[in-house]
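Computed from a prediction, not measured in an experiment: that's the story for all the values here. Numbering of ligands and ligand atoms starts at 1, following listing order.
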Amino acid sequence: MMKKTITGFSKFSKREKIDWIISTFFEDAEVAKKTISQYWNDDKTLQDLHDDFIENTISNFYLPYGVAPNFVINNREYVIPMVVEESSVVAAASLVAKFWSTRGGFKATVISTTKIGQVHFMFDGEFADLKAHFNDSKSRLITATDSITKNMRKRGGGILDIELRDKSSELENYYQLHVTFETMDSMGANFINSCLEAIAKEFNKENSASSVQVQIVMSILSNYVPDCIVRAEVSCPVNRLYKENAELFAQKFKQAVDIANVEPHRAVTHNKGIMNGIDAVVVATGNDFRAIESGAHAYAAQSGAYKSLSQCEIKDGIFTFWIEIPLALGTVGGLTAIHPLAKLSLEMLQKPSASELMEIVAVAGLAQNFAALRALTTTGIQHGHMKMHLSNIIKQLDTSEEEKTYLLNYFEKKEVSHSAVVAAYEKMKERG
Ligand code: MEV
């Protein structure tokens, strides 16, 4: 049997890596080679740029880059770029954007922008001694980061505070230096981690001059940022919400949100719909969607139960729907500075600050949630999905424009399934 492990792979050239993968895992070498190479960019500089984002790059994996026009956020008009593979997401965002643009638009506000990092360490001794040691060294811990924080301080950011936290009741001998940061327009992951490592090194150094001996375990930012929060909202009189029986629509919509607040199975799907919008903009702007995802879900579970990220209220004939979500985003540094499409997205969004991007992203999430709940509580989600599904199935068949129109009309009022479309297609072909 051919060996499927290898040493020294990272030292291979791109060509050698591809050759090894193809000869080891693929039956048809030509097809595999073609699939890998057809996604390469002819522009060598651009391809090299993408190759260097990660290690062992062998190709590019395309995702569609779409745009949702007609968003009005805080009285400003936006076209929102979205990178997502799921059909209906961009269409839903566009429809909802248009809908709310004639009802006052979206209002969004950044509530807080504090980021967090922690030095986790062990200490086997009296807390009072540790506290005295920390109080004595705190200013030196901050000074130790001076060269790293210099530019950030010039921009108005830096370290906000370092706190000693006793976690020993949860894990024997476990303590933290809990550090808060303001990172202005950058997401700040590298900045935070560099500061934390400098703080940990200094804290360790202080060991030798004191009877207090700590053992540093690790230093890392936290993606749980409950003090980096943005709120986005839409509001209008109930009677402007839906074409027929708006009261019932509003009531069912609110019930759907309330259900997500008490039923975790529903909350996870409800929030997944929110993340459809959020992740798409986060990816389009070169931000880290894994960080956003984990932070958002942790926030949704902050009460101890997993709940909806959005809320709804109907009061005095006014429908209000809003979201509060932690979003640690950047508009400078990282991929935002080097991925040409991330740069393009930020320019399309009129060069937002990180706070403005938080507002835009939260709005995209709220819009997506509104679209999903509107569909779920009225026509059902499959209605729109199946339309997209139908076009996707038709695309896979060999149809002329005329035949495509025939099939679309044929399924206007019929149940769509892959086999039903294929059967209708075959019948159509037989009839000629
Ligand atoms: C599908 O990607 C997202 C929805 O399931 C969200 C929801 O159920 O609210 C439609």
Under 3.5 Å: N/O of Lys272 near N/O of ligand 1: yes
Tyr242/Phe253 aromatic ring centres below 6.0 Å: no
Among all protein heavy atoms in this structure, tell me which lies nearest to atom 3 (C) of ligand 1, with the distance rounded to 0.1 Å. Asn276 ND2, 3.6 Å
Check ion pair Arg76-Glu359 (N to O, under 4.0 angstrom): no
One should read off an interatomic distance between Tyr425 OH and Tyr410 OH, to the nearest 0.5 angstrom, of 15.5 Å
When the aromatic ring centroids of Trp20 and Phe12 are compared, is their separation below 6.0 Å? no
Counting from 1, what ligand 1 atoms have a heavy atom of Thr269 closer than 4.0 Å? 5 (O), 6 (C), 7 (C), 8 (O), 9 (O)
Side chain, backbone, both or neither: which part of Leu376 has a heavy atom under 4.0 Å from ligand 1? side chain
Looking only at distances, please establish whether an N/O atom of ligand 1 is found under 3.5 Å from an N/O atom of His270. no
Nearest heavy-atom approach of Ile274 to Gln368 is O-CB, 4.5 Å
Where the closest heavy atom to atom 8 (O) of ligand 1 is concerned, which of Arg266, Gln368, Met275 has it? Arg266
Taking only heavy atoms of Glu86, which atoms of ligand 1 are found under 4.0 Å from at least one of them? 1 (C), 2 (O)
Residue part near ligand 1, for Val89, under 4.0 Å between non-hydrogen atoms: neither
Please round to the nearest 0.5 Å and tell me the distance separating atom NZ of Lys17 and atom OG of Ser10. 6.5 Å
Stepwise side chain to side chain contact (heavy atoms under 4.5 Å, CB included) test for Glu403 and Asp398: CA-CA 9 Å; Glu403 289 168 336; Asp398 184 21; over 6 Å; no
For atom 10 (C) of ligand 1, what's the nearest protein heavy-atom neighbour? Residue, atom name and distance, please. Ile381 CD1, 3.7 Å
